[in-house]
Amino acid sequence: YKVNIELEHINSYISDAESGHRKYMLSKDTLYLEAYLSAREKINKSFLLLKELTKANVKQQENLRGLNKLINNLFSNFFKTDALVKNDNI
């Protein structure tokens, strides 16, 4: 039950990050960067909790590693596009 709740939190944080990123890209207002940087911190904390909650389940730990990789790729893309926006390349 706690695992599902924490995964829902991560989903919500990702939505917040995506929204903040879109708003930044459209407005170039750095205020919106805070929203998705904050979301990243919250995701990291949730992952720590999930690792602890699933430590006895090898399959769930494997799934978490895969999810973490996808989220890292998402944020990597955010940072790349942020650099383009900052340099007026978009």
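Since we're looking at a predicted model, the values are computed, not measured.
- Looking at T54, its side chain does come within 3.5 Å of a backbone N or O of L50 through a donor-acceptor pair.
- Residues G20 and A35 share a closest heavy-atom pair of CA-CB, 4.2 Å.
- Considering only heavy atoms from C-beta on, K80 stays 4.5 Å or farther from L84 through its side chain.
- Cluster annotation: L53 and I5 are assigned to distinct hydrophobic clusters (Ile/Leu/Val/Met/Phe/Trp/Tyr, side-chain heavy-atom contacts under 4.5 Å, transitive).
- Note that CD of E62 is 10.0 Å distant from CG of N57, once rounded to the nearest 0.5 Å.
- Between the side chain of S76 and the backbone N or O of N72, no donor-acceptor pair lies under 3.5 Å.
- Taking CD1 of I14 as the start and NZ of K42 as the end, the distance is 13.0 Å to the nearest 0.5 Å.
- The only member of Y32, F75, F78 that meets ring pair (Phe, Tyr, Trp, His ring centres under 6.0 Å) when paired with H21 is F78.
- The NE2 atom of H9 sits 13.5 Å away from atom NZ of K45, with the distance rounded to the nearest 0.5 Å.
- In this structure, S19 contributes its side chain and S15 its backbone to no donor-acceptor pair below 3.5 Å.
- At least one side-chain heavy atom of L74 sits under 4.5 Å from a side-chain heavy atom of E18.
- Between the side chain of N87 and the main chain of A83, a donor-acceptor pair closer than 3.5 Å is present.
- At least one side-chain heavy atom of E52 sits less than 4.5 Å from a side-chain heavy atom of K55.
- Side-chain atoms of K23 and D29, non-hydrogen and from C-beta on, never get closer than 4.5 Å to each other.
- Proximity of R40 to F79: side-chain heavy atoms (C-beta onward) are nowhere separated by under 4.5 Å.
- We find the NZ-CD distance between K51 and Q61 to be 7.5 Å, quoted to the nearest 0.5 Å.
- Annotation: the span from N11 atom CG to I43 atom CD1 amounts to 9.5 Å, rounded to 0.5 Å.
- Rounded to the nearest 0.5 angstrom, E8 CD and I10 CD1 are separated by 10.0 Å.
- Without hydrogens or angle criteria, E6 side chain to F47 main chain gives no donor-acceptor distance under 3.5 Å.
- Two different hydrophobic clusters hold I71 and L48 under the rule that ILVMFWY side chains link at heavy-atom gaps under 4.5 Å.
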